[in-house]
Amino acid sequence: MKDMQRNWIGRSTGAEVDFKIDGLDKNLRVYTTRPDTLFGATYMVVAPEHELVNEITTPEQFDAVKAYVLGAALKSDLDRTDLAKGKSGVFTGRYAINPINGTKIQIWVADYVLMGYGTGAIMAVPAHDTRDFEFAQTFNIPIICILDPKNAPEEMRNKVLKGEACWTEDGAYINSSNIEVGIEINGLSKEAGIATVTSWLEANNLGKATINYKLRDWLFSRQRYWGEPFPVIHWEDGEVSVLEDSELPLPLPEVEKYMPGETGESPLSNAGDWLIVTDKNGRKGRRETNTMPQWAGSCWYYLRFTDPTNNEEPFSKIAENYWMPVDLYVGGAEHAVLHLLYSRFWHKVLFDLGIVSTNEPFQKLFNQGMILAFAYETASGSKVPSDQVEEREGKYFSTVTGEELHQIVAKMSKSLKNVVNPDDVVTNYGADSLRLFEMFIGPLDATKPWTENGVKGVYNFLRRVVAFFGEKGNIAEGEESKETLKILHQTIRKVSDDVRDMKFNTAVSQMMVFTNHCYKAGKVNHQTAVTFFQVLAPFAPHVAEELWELYGNTSVLSFHPWPVFNEAYLTENTFEYPVSFNGKVRFKIELPVDMPTTEIEKAVLTHDHTDKWIEGKSIAKIIIVTNKIVNVVVK
RNA sequence: GCCCGGGUGGCGGAAUUGGUAGACGCGCUGGACUCAAAAUCCAGUGAUAGCAAUGUCGUGUGGGUUCGAUUCCCACCCCGGGUACCA
């Protein structure tokens, strides 16, 4: 999860390097994480949107470049990434001077370089970068190897040295010195190479060490109508002010259309009169049109929850101190780089400002798995809404086109219309059954398709609980049996542990074990029954409360403390040892738990079945793990 | 491509983290009840051989470590999710 956040933030360290443009009094600045490979730079690429494209392009190449830039602009982002398989680009006709060795290298325009990252321009080192290599091969650009892959297989190494293969891992520098300008990294390690070249660039004023992030905002940059408007006014004289506390909150204005403004501004720019404000001196101003869309507001809701009725401030220091940090954050993995990342960021800002008392907002994260559902797609892979699908003899067909479809498993979504409404389960089996089934279906963190196979199982369990404990004849007076007490207390322990570990499926199964035991035992006493109701209550609250009341209680069960298990009921006097020969279990033998190993050994060796397995062989060793297993090694 | 998960009966899933593989549930089979069916209750249910006692095989595949491996190590195959020309 933190890896995903790290990837999203995408911090990288490298250097910016200036290349002189041949015949122009300008520099082309690139960002690279590998300044050490400067000797291997054989061409440069600028993004189609780069501001210098027009200036760089020579008259002969102008039409070709213009056509290419236009073409790139028309491609959507999706197309551009979809076309990742093949590289495209066009030569600008212009050259740049490699500052480290004075070589003239071609400048190209290509859409595999993105304007939004770094400087929108790169130096290409085809021998040691797969993208550059692919491009250089496509357009017959020289490939110069400067890292000798000494530890690579011989065949591979030869290809790399000849510029016929790309090598992105470490190696020994070759062709990497220029005495005239005082730079020499041949023989250095990668780390030392990067440091040497970077300091050389800085000393000669040709570049500097830089840190870059690929972080994209995924929240405020996607403006929409629904969101809290910023309480900010831009005045005609250039002053910007925030609203008085007394003017808050600022509600959203009613608008006719929710589309973005004509200049691509937030939808609030369509709000007409609402936008214009005049102060008491007649000065005119315009309201800020940006809102806090989507989860911008919920990034801090947990703080407001600590003090929800406070009318003076978002939350009091006392309340914040008492409740924070949040014990548990339950959310899907899809929140990793969205809600969770923003929440952590905001919280850290508030912490630095001294407004909250913790550096992190959440103590523990739990990723619950997504519940998937069946969906349908055509042979060509396009999705068909589930309400346009009919089943005939185990095959699926579109009710619109009649085409045969195949069934896939995909996450539930509105667009696929494969959302399952749990109301049916509630109607047929009750809310407790639905609740219990969601816990019983499997581990909370597992992703799995929704199926109602098995709802019957938990429904049956609840029905058996009500049938057994609802029958007065099953409740006996007096002391509880040892066996029942043991299983009851095992159940308390297991359910307590499983709830703590959020393993609800096994907690439910333990309660089933207990109930099955009650049926076998035939009778249990009053105390056993009500203790079980307490355990059951968080899982099936309606059933548990009903039974609790049936037993003459007038208070609410949920307010009673959780039962505590008693170790004394769980201790055993004997243990049934599995006896194995060479690791294979052959029979079992019941022995006292405190029997010394020498006695156990004797008991095993004198057992009737033992002869059969040691016949004609000799015993090499006997391994006894107390109250676990006995293993006899024979040869 | 890269980064995470994960492969256990017909199915959903258990297994105290190296110690009896398959708890619990669904489904299926048989029995009881019923004129009959449903519901319910009881019993059985990994595969295979056997009337049985019992044997052999078995946790994606192949190897390794170990007295002992679903669990640890190495290589590979498959599935799911995330991400993607980030220089």
Side-chain angles (χ1 to χ4, degrees), chain A residues 1-4 6-8 10-12 14 30-35 37 41 44-45 47 80-87 110-114 116-125 128-132 134-135 212-216 332-334 336-337 367 369-370 372 409-411 437 440-443 445-449 451-461 463-464 467 494 497 503 505-516 519-520 576-588 609 612 620-625 627-635:
Chain A
M1 190 56 55
K2 282 200 169 171
D3 276 345
M4 281 172 78
R6 265 186 214 110
N7 284 338
W8 186 261
R11 179 186 158 115
S12 76
V30 302
Y31 172 72
T32 177
T33 53
R34 297 293 304 274
T37 60
M44 298 183 80
V45 184
R80 266 170 86 157
T81 46
D82 261 7
L83 291 174
K85 291 125 206 163
K87 294 269 182 293
D111 64 4
Y112 84 91
V113 171
L114 307 174
Y117 185 76
T119 60
I122 60 155
M123 62 174 213
V125 186
H128 308 290
D129 181 292
T130 47
R131 296 153 305 179
D132 297 345
E134 226 176 276
F135 189 86
N212 244 314
Y213 301 90
K214 63 177 177 182
L215 179 69
R216 280 170 296 179
E334 70 276 14
V337 294
N367 281 136
M370 265 187 288
L372 309 178
V409 169
K411 64 179 171 190
F437 178 59
F440 189 63
I441 194 167
D445 55 359
T447 299
K448 58 184 59 215
T451 151
E452 287 181 21
N453 294 347
V455 178
K456 249 185 103 173
V458 292
Y459 170 74
N460 250 327
F461 162 67
R463 196 187 46 70
R464 277 162 66 84
K494 176 106 180 104
D497 289 353
K503 290 158 69 176
N505 53 334
T506 48
V508 173
S509 107
Q510 180 61 37
M511 289 188 283
M512 288 174 168
V513 169
F514 173 78
T515 308
N516 290 345
Y519 271 78
K520 281 209 177 69
E576 192 178 44
Y577 278 92
V579 180
S580 55
F581 293 82
N582 289 340
K584 291 194 180 197
V585 175
R586 297 304 180 181
F587 59 86
K588 287 165 192 171
H609 285 36
K612 182 179 167 188
K621 206 199 288 188
I622 297 179
I623 290 152
I624 295 167
V625 183
N627 295 326
K628 272 268 164 65
I629 199 165
V630 176
N631 189 20
V632 183
V633 183
V634 294
K635 274 182 184 152

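Just so it is clear: chains get the letters A, B, ... in the order the sequence lines come, proteins before strands, and each one is counted from 1.
- Candidate nucleotides B/U20, B/A87, B/U54 were compared by shortest atom distance to the side chain of A/Ser12, and B/A87 ranks first.
- Contact between the side-chain N/O atoms of A/Lys628 and the OP1/OP2 oxygens of B/U17 is not found at any separation under 4.0 Å.
- Taking the side chain of A/Pro443 as heavy atoms from C-beta on, and the options B/C24, B/G27, B/A14, the nearest nucleotide is B/A14.
- Look at A/Arg586 and you won't find any side-chain N or O under 4.0 angstrom from OP1 or OP2 of B/U20.
- Across B/A43 and B/C26, the matching P atoms stand 14 Å from one another, rounded to whole Å.
- Of the P atoms belonging to B/G25 and B/C41, the separation is 11 Å, rounded to the nearest Å.
- When rounded to the nearest whole Å, the span between CZ of A/Arg464 and P of B/C24 equals 12 Å.
- Atom C1' of B/C24 sits at a distance of 15 Å from the matching atom of B/U45, rounded to the whole Å.
- An anti base is found at B/G80: its glycosidic angle is more than 90° from 0.
- A/Lys588 has its NZ atom 16 Å from the P atom of B/G19, to the nearest Å.
- Atom P of B/G9 sits at a distance of 24 Å from the matching atom of B/G64, rounded to the whole Å.
- Listed nucleotides B/C67, B/C85, B/U20 differ in distance to A/Leu114; the shortest reach to its side chain belongs to B/C85.
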